[in-house]
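In each ligand, atom 1 is the first atom listed, and ligand 1 is the first ligand listed. Just so you know, residue 1 is the first one in the sequence shown, and it goes up from there. The analysis underlying the following values was restricted to heavy atoms, covering all of them including side chains, and did not include hydrogens, waters or symmetry mates. The shown structure was predicted, so the numbers you read here are calculated from the model rather than taken from an experiment.
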Amino acid sequence: MNIVIDENLPAAQTLFSGWANVEYFSGRDVPERLLAHADVLLVRSITGVGQPVLERAPNLKFVGTATIGIDHLDTEALSARGIEYANAPGCNAISVAEYVLAAILTPEVRQGRDWRGKKAIIIGAGNTGSSTGRKLTALGMNVCYVDPFLEGGHDSRCFGPLSMIENADVVSLHVPLTESGPYPTYHLFNEAVLASLRPDTVLINASRGAVIDNHALLNLLTQERRTVVLDVWEGEPHVNEALVPLVTLATPHIAGHSIEGKIRGTYALYDVLHAQLFPDTPEIPLQQVLPSDGIDGGCWALTEQDNDYVDQVAKLVHQVYDPRVDDRAFREHGLTAEGFDDLRRRYHTRRELSVVRLSTEQIDCGRIRALGFTVESD
Ligand SMILES: NC(=O)c1ccc[n+]([C@@H]2O[C@H](COP(=O)([O-])OP(=O)(O)OC[C@H]3O[C@@H](n4cnc5c(N)ncnc54)[C@H](O)[C@@H]3O)[C@@H](O)[C@H]2O)c1
Ligand SMILES: O=C(O)[C@H](O)[C@H](O)COP(=O)(O)O
């Protein structure tokens, strides 16, 4: 059995090498010589798996993507060939949520605002949207969701129509890229929707680039200053260079790139393959491949009522992850397709907030945990 794996799936060697012959590839394209004998192919979102790949892979039985998004797999073509496929739902939801939290806490985006009591509208109430909503609620924001597929069900959270964005302080996008069905998301944020936003609203896209019409956004930003955070771009790895200087924080599709998120992605595929192909082999527990170290965050005596609550949370969050570092690297090196891919391939080891262990004096553990930190007694 031959398993062909993108070199950027951490923990792959530990998880898969006991089962089969493991071979790695680098970059977007899988070399033909590897496809020729691949039984299993494990990719990231940069590798499109459609007819051209399938034609070169006569033995392929399983394709896995260690990502949430699945828009790079031609699922019809895979099903037509009887090839099983899987993704990694929710694997990097915490990472995406922490990206959004860290972004709105930067002075450039925050512009002196105290986020407590302000309104956040989350578009898409699935894994990344819900995780983001929980963190923004823990920051003290009032959170509502737009999700026509979930609204009206048993979910008791605040839901409403897209027009709620007209009165939002923060709008954050967390939908898959879809071009068909009752609520397609391709260019969901078109010229008219963008124009309906208040001039002081922060707009964040960490879903897929084409959910926002990038030309319409460029037109708007050319006319007036807005606060926009873009992690994803229409046409990646090619980005609209004129758009970048007008965007407040610009990053190369790394919102989900915490090391924990990537490992969970690899593990999700391990889990599926273990159940389907190797059920008789001993299962390696997730904890064995996740990092287990921690940073002492000291003693936390603050509650949400304290005047400097948001400042203190910002300090703690940016100690672990500050998106301005990625923004600077992107502006310097990420404007070409090669630079964009390179920044992602060589991404630094980014940790999730849970790496910080706090002991609390004046206890508001629920809120601290909801932000993502580890409370010492955990
Ligand atoms: N930037 C990154 O690094 C990064 C990381 C992870 C995921 N993503 C992207 O984010 C997307 C969402 O991830 P997720 O884990 O939250 O997915 P999910 O499937 O858990 O949730 C998506 C939600 O969007 C809702 N939805 C679909 N169409 C909608 C519409 N027109 N309007 C409002 N809601 C709609 C669905 O009902 C669902 O609840 C992924 O598909 C992927 O493309 C990006
Ligand atoms: O869909 C996802 O999970 C994310 O977009 C993911 O973080 C993409 O990262 P990539 O696989 O391209 O490294």
Relative to ligand 1, is [X] under 4.0 angstrom through side chain, backbone, both or neither, heavy atoms considered?
X	value
Asp147	both
Thr178	neither
Val232	side chain
Asn127	both
Arg208	side chain

Can [X] and [Y] be counted as an ion pair, charged N to O under 4.0 angstrom?
X	Y	answer
Asp342	Arg346	yes
Asp74	Arg81	no
Glu98	Arg351	no
Asp39	Lys61	yes

Is there a side-chain contact between [X] and [Y], using heavy atoms and a 4.5 Å cut-off?
X	Y	value
His238	Phe340	no
Ile212	Leu230	yes
His253	Ser45	yes
Leu217	Glu191	no
Val170	Lys118	no
Tyr267	His274	no

Suppose we measure from [atom] to each protein heavy atom; which comes out shortest, and what is that distance?
atom	answer
atom 12 (C) of ligand 1	His174 O, 3.5 Å
atom 3 (O) of ligand 2	Ile68 N, 2.6 Å
atom 6 (C) of ligand 2	Asn92 ND2, 3.8 Å
atom 11 (O) of ligand 2	Ser45 N, 2.8 Å
atom 28 (N) of ligand 1	Phe149 CE1, 3.5 Å
atom 9 (C) of ligand 1	Ser207 O, 3.5 Å
atom 17 (O) of ligand 1	Ile68 CG2, 4.0 Å
atom 34 (N) of ligand 1	Val175 CG1, 3.5 Å

Given [options], which has its nearest heavy atom closest to [atom]?
atom	options	result
atom 1 (O) of ligand 2	Cys91, Gly69, Ser207, Gly256	Gly69
atom 44 (C) of ligand 1	Ala206, Gly209, Ser131	Ala206
atom 14 (P) of ligand 1	Thr128, Leu173, Ile122	Thr128
atom 24 (O) of ligand 1	Gly90, Gly126, Pro89, Pro176	Pro176

Any idea which atoms of ligand 1 are less than 4.0 Å away from a heavy-atom of [X]?
X	value
Val96	4 (C), 5 (C), 6 (C)
Leu150	39 (O)
Thr185	28 (N), 29 (C), 30 (C), 31 (N)
Pro148	32 (N), 33 (C), 34 (N)
His253	1 (N), 2 (C), 3 (O)
Gly256	2 (C), 3 (O)
Tyr183	28 (N), 30 (C), 31 (N)

Open item on the list: Using the side-chain contact (heavy atoms from CB on, under 4.5 Å) definition, which of the options Ile5, Val49, Leu41 pairs with Val30?
Closed with: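 Output: one option passes, namely Leu41.
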Task: Option from Ile254, Val325, Asp231, Val239 for which side-chain contact (heavy atoms from CB on, under 4.5 Å) with Phe330 holds - done: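 Only match with Phe330 under side-chain contact (heavy atoms from CB on, under 4.5 Å): Val239.
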- [ ] Return a yes/no value: protein heavy atom under 4.0 Å from atom 19 (O) of ligand 1?
- [x] no
Open item on the list: Looking at ligand 2, would His253 count as a contact under a 4.0 Å heavy-atom criterion?
Closed with: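 Right, His253 reaches ligand 2.
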Open item on the list: Could you tell me, atom by atom, which parts of ligand 2 come under 4.0 Å of a heavy atom of Arg208?
Closed with: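 Going through ligand 2 atom by atom, the ones under 4.0 Å from Arg208 are 1 (O), 2 (C), 5 (O).
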Task: Check: Arg344 N/O within less than 3.5 Å of ligand 2 N/O - done: yes
- [ ] Nearest 0.5 Å please: distance from the CD atom of Gln51 over to the CZ atom of Arg56.
- [x]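 Reported to 0.5 Å precision, the distance equals 10.5 Å.
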Open item on the list: If you measure every N or O of Asp231 against every N or O of ligand 1, does any of those distances drop under 3.5 Å?
Closed with: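 There is such a contact, yes.
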Open item on the list: I want to know if ligand 1 touches Asn92 in the polar sense, i.e. an N/O pair below 3.5 angstrom.
Closed with: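 No: no nitrogen or oxygen of Asn92 is under 3.5 Å from one in ligand 1.
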Task: Heavy atoms of other groups near Glu224 CD, more than 12 under 6.0 Å - done: yes
TODO: Count the heavy atoms of every other residue, nucleotide or ligand shown that sit under 6.0 Å from CG of Asp293, and state whether that count exceeds 12.
DONE: yes
- [ ] Would you please test Lys119 and Asp169 for salt bridge (charged side-chain N to carboxylate O under 4.0 Å, His left out) and show each step?
- [x] CA-CA 5 Å; Lys119 189 178 280 185; Asp169 297 286; over 6 Å; no
- [ ] For the residue pair Phe149 and Tyr183, categorise the inter-ring angle as parallel (less than 30°), tilted (30 to 60°) or perpendicular (more than 60°).
- [x]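 Taking Tyr183 first and then Phe149, their aromatic rings stand perpendicular (interplane angle over 60°).
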